[in-house]
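Just so you know, these numbers come straight off a predicted model, no measurement behind them. Values below: all heavy atoms of this structure, side chains included; hydrogens, waters and symmetry mates excluded.
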Amino acid sequence: GQVNRLLGNFNQAVEDLQRSKNINTNPRIQMELAMAYHQVGRLTAAIGELVAALKNQQAPARIRTMLEQLYMQTGRTTDLKQFYEETLEKYPDSGMWNFHAGQFALKQKQYEEAQRLLLKSWEASQEQGGYARALDKYLEALWRGEKYEDLLKYASKYIDTKFAPIAYAQMAQTRFKMGSKATAMDYYRKAIEKCGTDDALILGILQNMSKIVGQMEVAKWCSEKLANEPDSLAANLMMFNMTRQRGEYNKALEYIDKFLSLVDPESDIWIEQMFNKANTLTMAYMKTSDKGYLSSAILEFEKILAKQPDNTSVLNNLAYFLADNDEQLDKAVEYARRAHEASPNNSGVMDTYAYALCKTGDYAKAEEMLQ
């Protein structure tokens, strides 16, 4: 069953694992069977196996997180609420489960409950030095519950700690809500200053700042930053995102090229932003019909493939892009075939493969793939 699941023979894996379970019902086999059910789209059956497995005291911890993910994927909020109640009854002091339950309550707009759970998660995490996201989400729960004075008082305790960027950013959006844009901007700048060289954290604060006070203020900060520090990763990436959003593709490409020149070509972020660059070129081509953008987009996708030849997402996107524009159709089929081999049970990949086959006149194989 395990071997067939790993080979992509999911229906056979289900059959094997069902037989295994009939011989000896144990939570590990039920977990394997649930994974196989998931991969053939039988989500209700997968959930049933995990619920049954959790009744066994020897159930691996992973079963609980798998069940949580399936409830989220299927949108079963009532079951998810009961799941968190039962989990916290079993693990009342777990920082992780209080955090997950708190996030759920926050999404359900149950702000009082979210505040209680997230504060408990934050306090539990302090034994390990503090979990920044727990503090951030607790302050967000106060903000969404309009407890502005409570937020300001609590956050101010952390402005001289390593959590200062979070504290100042949350205080900034609170001050803006209370009608003081000038104070909000002052706090946002302090939040960024406290980030030091953590570009990921700076980018997160800039994104929050853009959402709360608007892109104009963010663009102003980025312009000042780039005038003094042209190699700022966060400022270049933020300007790329904003100019692309406005449809200013040539400007966006300048910013992303600068960003890419500053990061390690072997890093995950280089791959991620190369993908964004290629998609930006695609958008520019769709807007202008300029073949120069089309050729550049193809080259960028191929640069990613040179580093990650089995990247299914890139193979699939490039195959569709070529086929849809009647460009290098033999390559389109080849890329689609490779994507299908890497992900044999992905219907979206099969769809692209069939489309490319149609473009080259191989209708019999295309029909087989679509069936």
Checklist outcome for this item: Applied to residues 181-207, the ring pair (Phe, Tyr, Trp, His ring centres under 6.0 Å) test, sequence neighbours excluded, yields Tyr168-Tyr187
Checklist entry - Is there a donor-acceptor contact under 3.5 Å from the side chain of Ser267 to the main chain of Val263? => result no
Item to check | NZ/NE/NH1/NH2 to OD/OE distance under 4.0 Å, Arg175 and Asp186 | outcome: no
Checklist entry - Would a distance-only check, ignoring hydrogens and angles, find a side-chain to backbone donor-acceptor pair under 3.5 Å from Thr87 to Phe83? => result yes
Checklist entry - Any donor-acceptor pair under 3.5 Å linking the side chain of Ser94 with the backbone of Tyr91? => result no
Next on the checklist: Tell me whether Leu281 shares a hydrophobic cluster with Tyr249, the cluster being built from Ile, Leu, Val, Met, Phe, Trp, Tyr side chains joined at under 4.5 Å.
Outcome noted: no
Next on the checklist: Quick check: closest heavy atoms across Met31 and Ile63, and the distance to 0.1 Å?
Outcome noted: SD-CG1, 3.7 Å
Next on the checklist: Could you tell me if the side chain of Ile47 sits less than 4.5 Å from the side chain of Tyr37, heavy atoms only?
Outcome noted: no
Checklist entry - What closest approach, in Å, do Asn208 and Ala169 show between heavy atoms, and which atom pair accounts for it? => result OD1-O, 4.3 Å
Checklist entry - Got a sec, which residues hit salt bridge (Lys or Arg N to Asp or Glu O under 4.0 Å) with Lys277, two or more places apart in sequence or on another chain? => result Asp257, Glu300
Checklist entry - Should Glu112 and Lys147 count as an ion pair when the cut-off is N to O under 4.0 Å? => result yes
Next on the checklist: For Trp122 together with Tyr158, are the ring centres under 6.0 Å from each other?
Outcome noted: yes
Item to check | Shared hydrophobic cluster for Val349 and Leu357 (ILVMFWY, side-chain gaps under 4.5 Å) | outcome: no
Checklist entry - So, for Ile202 and Gly196, which heavy atoms are closest and what is the spacing to 0.1 Å? => result CD1-O, 3.8 Å
Next on the checklist: Between the side chains of Lys90 and Glu86, is the shortest nitrogen-to-carboxylate-oxygen separation below 4.0 Å, so that they form an ion pair?
Outcome noted: no
Checklist outcome for this item: Between Ala36 and Val14 the two heavy atoms that sit nearest each other are CB-CG2, 3.7 Å
Checklist entry - Any side-chain heavy-atom pair from Glu68 and Trp97 closer than 4.5 angstrom? => result yes
Checklist entry - Counting only heavy atoms not in Arg28, do more than 12 fall under 6.0 Å of its CZ? => result no
Checklist entry - Hey, is CD on Glu367 packed in by over 12 heavy atoms from elsewhere, all under 6.0 Å? => result no
Next on the checklist: Looking at Lys137 and Glu140, is there a salt bridge between them, counting it only when a charged N and a carboxylate O are closer than 4.0 Å?
Outcome noted: yes
Next on the checklist: For Met286, is the CE atom crowded, meaning more than 12 foreign heavy atoms sit under 6.0 Å from it?
Outcome noted: no
Checklist entry - Would you call Glu113 and Arg116 a salt bridge, taking side-chain N to carboxylate O under 4.0 Å as the test? => result yes
Checklist entry - Is there a donor-acceptor pair closer than 3.5 Å between any side-chain N or O of Asn98 and the backbone N or O of Pro92? => result yes
Checklist entry - So, do Gln2 and Arg5 sit near enough that their side-chain heavy atoms are less than 4.5 Å apart? => result no
Checklist entry - Does a salt bridge link Glu49 with Lys21, judged by any charged N lying under 4.0 Å from a carboxylate O? => result yes
Checklist entry - Does Gly292 offer a backbone N or O that forms a donor-acceptor pair with the side chain of Asp290 under 3.5 Å? => result yes
Next on the checklist: For Phe240 and Phe259, I'd like to know if the aromatic rings sit close, meaning centre-to-centre distance below 6.0 Å.
Outcome noted: no
Checklist entry - Taking C-beta and beyond as the side chain, do Thr282 and Phe321 meet within less than 4.5 Å on heavy atoms? => result yes
Next on the checklist: Assess whether a salt bridge exists between Lys177 and Glu146, defined as any Lys/Arg side-chain N lying under 4.0 Å from an Asp/Glu carboxylate O.
Outcome noted: no
Which donor-acceptor pairs under 3.5 Å do side chains of residues 269-276 form with protein atoms, sequence neighbours excluded?
unit_1	atom_1	unit_2	atom_2	d
Gln273	OE1	Asn276	ND2	3.0

Checklist entry - Under a 4.5 Å side-chain heavy-atom rule over Ile, Leu, Val, Met, Phe, Trp and Tyr, are Leu206 and Ile166 clustered together? => result yes
Next on the checklist: I want to check a possible cation-pi pair here: Lys331 against Tyr335, using under 6.0 Å from ring centre and within 45° of the ring axis as the test.
Outcome noted: no
Item to check | Contact check, side chains of Asn4 and Phe10, non-hydrogen atoms, under 4.5 Å | outcome: no
Checklist entry - Does atom NZ of Lys307 have more than 12 heavy-atom neighbours, drawn from other residues, nucleotides or ligands, at distances under 6.0 Å? => result yes
Checklist entry - With a 4.5 Å heavy-atom cut-off, do Glu368 and Gln371 have their side chains touching? => result no
Checklist entry - To the nearest 0.5 Å, what is the distance between CG (Leu315) and CD1 (Ile304)? => result 10.5 Å
Item to check | CD/Glu89: more than 12 non-hydrogen atoms of other groups inside 6.0 Å | outcome: no
Checklist entry - Angle class for the Tyr84/Phe104 ring planes (parallel below 30°, perpendicular above 60°, tilted otherwise)? => result tilted
Checklist entry - Are any of the side-chain nitrogens in Glu341 or Arg338 under 4.0 Å away from the carboxylate oxygens of its partner? => result no
Item to check | Heavy-atom pair of closest approach, residues Tyr255 and Leu226 | outcome: CE2-CD1, 3.9 Å
Next on the checklist: If you count every heavy atom of other residues, nucleotides or ligands that lies below 6.0 Å from Gln128 atom CD, does the total exceed 12?
Outcome noted: yes
Next on the checklist: Determine whether a donor-acceptor pair (N or O, by modelled atom type, separation under 3.5 Å) exists between the side chain of Asp326 and the backbone of Leu322.
Outcome noted: no
Checklist entry - Within a reach of under 6.0 Å around CG of Asp268, are more than 12 heavy atoms found that belong to other residues, nucleotides or ligands? => result no
Item to check | Salt bridge present between Lys291 and Glu327 (N-O < 4.0 angstrom) | outcome: yes
Item to check | Test item: Gln245 and Gln215 side chains (from C-beta on) under 4.5 Å apart, heavy atoms | outcome: yes
Checklist entry - How long is the gap from CZ on Arg189 to CD1 on Ile205, to the nearest 0.5 Å? => result 13.0 Å
Next on the checklist: Is it the case that over 12 heavy atoms from other parts of the model lie below 6.0 angstrom from the CD atom of Gln207?
Outcome noted: yes
